[in-house]
Amino acid sequence: QVQLVESGGGLVQAGDSLRLSCAASGGTFSAYPMGWFRQAPGKEREFVATISAIGETRMYANSVKGRFTISRDNAKNTLYLQMNSLKPEDTAVYYCAARRGSIVSTVSYDFWGQGTQVTVSS
């Protein structure tokens, strides 16, 4: 069982940057493909980014491509999401997630964190 704890959210202005972190425990972090998702008020949870277990493969939602960067430090059991050029439409609760297996995915994950709020003001 993997436990995930997000941090780094907050209130920022449009155009600012923010880095989210996700600390993992209780499992072999380096074995899991990881992902970031977000859920805005009144909307479905949506995929943001994913990274393979050793970081050689990364995928992004079109809405964040070129602005967000997913990365991981397996020695620190931590996943990151660097968010630049933030927009008001990026406002959401951001979740990190881990999945069993070796393939990255935009939909199917087995373990989830509790989320961290990101609010971008205009």
Side-chain angles (χ1 to χ4, degrees):
Q1 191 78 4
V2 178
Q3 290 81 45
L4 303 170
V5 179
E6 302 93 338
S7 62
L11 172 63
V12 297
Q13 294 187 330
D16 285 352
S17 297
L18 207 56
R19 187 176 81 157
L20 305 183
S21 299
C22 172
S25 61
T28 305
F29 179 72
S30 60
Y32 295 103
M34 299 291 295
W36 285 100
F37 290 75
R38 67 186 182 186
Q39 187 167 19
K43 294 189 176 182
E44 298 284 320
R45 186 164 58 190
E46 65 174 1
F47 165 76
V48 174
T50 183
I51 187 168
S52 57
I54 59 172
E56 79 280 11
T57 300
R58 309 180 195 200
M59 296 172 57
Y60 297 92
N62 287 336
S63 58
V64 306
K65 200 172 294 183
R67 299 188 299 122
F68 290 12
T69 301
I70 188 171
S71 63
R72 65 191 297 161
D73 186 336
N74 286 346
K76 295 182 179 180
N77 291 347
T78 303
L79 175 73
Y80 302 100
L81 184 67
Q82 177 66 44
M83 306 185 293
N84 298 330
S85 302
L86 282 161
K87 304 175 181 180
E89 51 264 44
D90 294 319
T91 295
V93 177
Y94 283 72
Y95 300 89
C96 69
R99 71 186 308 271
R100 297 185 183 96
S102 60
I103 307 300
V104 296
S105 173
T106 63
V107 294
S108 177
Y109 283 77
D110 301 293
F111 308 103
W112 294 84
Q114 294 300 305
T116 185
Q117 176 71 46
V118 172
T119 303
V120 184
S121 64
S122 57

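In this text the structure is predicted, and so the values were computed from the model without any measurement.
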For [X] against [Y], the heavy-atom pair lying closest together:
X      : Y      : answer
Ala98  : Tyr109 : C-CD2, 3.5 Å
Ser30  : Arg72  : CA-NH2, 4.1 Å
Thr106 : Met59  : CG2-CE, 3.8 Å

field: ring pair (Phe, Tyr, Trp, His ring centres under 6.0 Å): pairs with one or both residues in residues 39-63, sequence neighbours excluded
entry: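 Passing the test, one end in residues 39-63: Phe37-Phe47.
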field: Within 6.0 Å of CG in Leu11, more than 12 heavy atoms from elsewhere
entry: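 Counting neighbours around CG of Leu11, more than 12 heavy atoms of other residues, nucleotides or ligands fall under 6.0 Å, so yes.
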- prompt: Would one find more than 12 heavy atoms of other residues, nucleotides or ligands at under 6.0 Å from atom CD of Gln114?
  reply: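 No, CD of Gln114 has 12 or fewer neighbouring heavy atoms, counting only those of other groups under 6.0 Å.
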Pairs where [range] contributes a residue and the test salt bridge (Lys or Arg N to Asp or Glu O under 4.0 Å) is met, not counting sequence neighbours:
range           : result
residues 6-24   : none
residues 34-43  : Arg38-Glu46, Arg38-Asp90
residues 97-113 : Arg100-Asp110

- prompt: Do Phe111 and Tyr32 pass the side chain to side chain contact (heavy atoms under 4.5 Å, CB included) test, and can you show the C-alpha distance, the side-chain angles, and the key distance before you say yes or no?
  reply: CA-CA 10 Å; Phe111 308 103; Tyr32 295 103; 4.1 Å; yes
query: Atom OG of Ser108 and atom CD1 of Ile103: how far apart are they, to the nearest 0.5 Å?
result: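 It comes to 12.0 Å.
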Qualifying residues under side chain to side chain contact (heavy atoms under 4.5 Å, CB included), relative to Glu56, sequence neighbours excluded: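 Side chain to side chain contact (heavy atoms under 4.5 Å, CB included) check on Glu56 returns Ser52, Ile54.
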Any residue meeting side chain to side chain contact (heavy atoms under 4.5 Å, CB included) with Gln39, in chain and number order, not counting sequence neighbours: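 Testing Gln39 for side chain to side chain contact (heavy atoms under 4.5 Å, CB included), a comparison that skips the adjacent residues, returns Arg45, Tyr95.
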Tell me which donor-acceptor pairs under 3.5 Å the side chains of residues 77-87 have, and how far apart each pair is, sequence neighbours excluded?
residue: Thr78; atom: OG1; partner: Lys76; partner atom: O; Å: 2.8
residue: Gln82; atom: NE2; partner: Asn84; partner atom: OD1; Å: 2.9
residue: Asn84; atom: OD1; partner: Ser17; partner atom: OG; Å: 2.9

Kindly state each residue pair satisfying disulfide bond (SG atoms under 2.5 Å apart) with at least one member in [range], sequence neighbours excluded.
range          : answer
residues 33-72 : none
residues 39-84 : none
residues 39-82 : none

- request: Report whether Trp112 and Val93 are members of the same hydrophobic cluster (ILVMFWY, side-chain heavy atoms less than 4.5 Å apart, transitive linking).
  value: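 Yes: a chain of side-chain contacts under 4.5 Å links Trp112 to Val93.
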Atom pairs and distances, side-chain donor-acceptor, residues 20-29, under 3.5 Å, sequence neighbours left out:
none

Pairs of donor and acceptor atoms involving the side chains of residues 115-122, under 3.5 Å and at least two apart or interchain, shall be tabulated with distances.
residue: Thr116; atom: OG1; partner: Gly9; partner atom: N; Å: 3.2
residue: Gln117; atom: NE2; partner: Ala92; partner atom: O; Å: 3.4
residue: Gln117; atom: NE2; partner: Thr119; partner atom: OG1; Å: 3.3
residue: Ser121; atom: OG; partner: Val12; partner atom: O; Å: 3.3

